[in-house]
2 protein chains.
Amino acid sequence: MSEQTMTEAQKARLAMREGRWTGPTVHKIKGFVQSNLVVLPHADAYDFLVYCQRNAKACPVIEVTDPGDPEPRVSAPGADLRTDLPRYAVYRNGVREQDVEEITDLWNPDSVAFLLGSSLSFDEALVRAGVEAGETVWALNTSVPTVPAGKFHGNLVVTMRLMRPEQVVTATQLTTRYVYTHGSPVHVGDPEVIGADLEHPIYGPPLTAIPRDKSAVFWACGVTPQQAAIESKQELMIAHAPAHGFVTDLRSDRFCIP
Amino acid sequence: MSEQTMTEAQKARLAMREGRWTGPTVHKIKGFVQSNLVVLPHADAYDFLVYCQRNAKACPVIEVTDPGDPEPRVSAPGADLRTDLPRYAVYRNGVREQDVEEITDLWNPDSVAFLLGSSLSFDEALVRAGVEAGETVWALNTSVPTVPAGKFHGNLVVTMRLMRPEQVVTATQLTTRYVYTHGSPVHVGDPEVIGADLEHPIYGPPLTAIPRDKSAVFWACGVTPQQAAIESKQELMIAHAPAHGFVTDLRSDRFCIP
């Protein structure tokens with residue numbers, strides 16, 4: 001395929017595969033569904049899938065690959081999940097190691113990949129609807145517990161976007177439709193209600209308070225499984241580095257309420 | 001708990017447990033979510049959960065029990081899935097055996113139960129909205145293939161309701177909201193488009209054609225896994241008998257788009 005006939009999603013993945021794109025995907029890809037990645041040994045896959053079912057708002061599963069198969073055949077045929085993300089986070093025994101730019105050496109015949117819809121998929125729709133949330137999306141830890149399943153447990157991670165107060169209803173209405181990429185917000189307003197840790201963000205600049213002219217809106221985040229890897233001391237989990245999503249071929253505006 | 005303080009859902013389950021209710025649940029319980037039941041050995045549970053993910057419209061998972069635990073702790077605390085359904089279908093090596101009224105003898109320490117939302121949950125909402133679909137709900141085989149996962153494969157099963165043509169839009173709008181109980185229709189109109197087998201219904205009276213003054217509306221159905229058990233020659237699957245659902249404590253109108 002020549003670059004001329006490739007979609008923006010395919011071009012992005014090629015650049016990531018070739019090591020030319022190692023930075024965040026936030027606001028970088030218009031109209032394509034971005035996803036979170038979780039790779040686990042097959043032996044842990046059932047417990048994790050039940051964890052996703054029990055925490056569906058944080059973990060909306062858009063694809064599960066067959067063991068050993070690194071190609072997401074439904075959401076991005078021809079892609080390779082071992083190389084086609086800009087940056088990966090690797091957790092061993094619950095500790096995040098140095099990020100890597102590909103995971104070919106870590107991939108095993110029993111590796112299973114889960115793609116979970118990312119709220120980065122609807123940022124362009126917010127822009128189109130006139131919601132001025134700016135370029136910054138935060139990923140924050142909270143004090144809200146998730147529902148455990150097998151070995152997996154931990155607190156909810158959220159994304160936060162700041163907007164003018166009169167835009168909150170539009171943002172809620174709009175994102176309600178995008179059920180596979182976290183859907184409606186989990187909280188609007190005071191970060192303390194959900195124990196959102198503004199001072200130590202997983203991604204984004206630290207804040208001491210929400211600016212007085214803005215409202216904070218929080219969506220469940222697909223980085224939640226990485227927090228579960230930490231709290232559950234998971235032996236091995238490979239994930240996307242937060243804010244460095246996998247770009248699928250699915251169109252955000254067509255992958256909505258079924 | 002005395003009968004006076006029990007909800008209609010709790011009373012129904014008690015009657016089923018005591019063998020006083022062995023008939024269908026269609027249109028019998030107002031406002032409570034009804035669910036389909038699938039019980040499998042733990043060894044088959046992962047493949048089945050992936051099958052549900054790949055066929056989410058037919059198999060919206062509302063709860064997965066821990067192995068050996070017959071209590072649906074989220075959707076009906078205190079209930080017992082071995083006794084609290086009116087009638088069970090038992091599939092061995094892909095063949096449906098004689099239905100039974102309880103499955104205590106068939107339940108094992110490694111049994112896992114899946115509750116899948118049922119469209120019987122929104123019939124009362126259709127009535128409230130003035131959609132006159134009558135008392136009859138059909139369950140029909142189709143020629144539409146589902147997406148396989150592991151050993152599980154087969155064609156989609158649908159429910160069919162007949163209504164006046166001018167009620168189709170209302171029925172579509174209304175059920176779109178009920179994403180955990182199959183959501184919007186999968187088809188409206190000519191049954192042949194989806195190969196719906198009117199002459200040999202899984203449930204409901206046989207038909208040779210749709211009455212000329214009615215429109216047929218089809219929703220994905222949680223009996224689909226039973227067809228997969230047949231086509232996959234599954235060694236053992238216990239399920240609800242079609243149209244004989246499990247009544248949860250969840251309120252239909254609150255268990256909607258998340």
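Just so it is clear: chains get the letters A, B, ... in the order the sequence lines come, proteins before strands, and each one is counted from 1. All of these numbers come straight from a predicted model, not from anything done at the bench.
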Within 6.0 angstrom of Glu166(B) CD, more than 12 heavy atoms from elsewhere: yes

Which atoms of Thr175(A) approach chain B - backbone, side chain, both or neither, heavy atom under 4.5 Å: neither

Rounded distance [0.5 Å steps], CD in Glu63(B) versus CZ in Arg54(A): 7.0 Å

Single hit among Val64(A), Val61(A), Asp66(A), Thr65(A) for side-chain contact (heavy atoms from CB on, under 4.5 Å) with Val50(B): Val64(A)

Euclidean distance, Ile257(B) CD1 relative to Ile257(A) CD1, rounded to 0.5 Å: 3.5 Å

Chain A-proximal positions within residues 32-48 of chain B [heavy-atom distance under 4.5 Å]: His42(B), Ala45(B), Tyr46(B)

Top contributor to chain A interface from Val179(B), Ile62(B), Val186(B) [non-hydrogen pairs under 4.5 Å]: Ile62(B)

Any residue of residues 67-82 of chain B which, by heavy atoms, sits under 4.5 Å from chain A: none

Part of Ala149(B) within contact of chain A (heavy atom distance under 4.5 Å): neither

Glu231(B) atom CD, neighbour heavy-atom count above 12 within 6.0 Å: yes

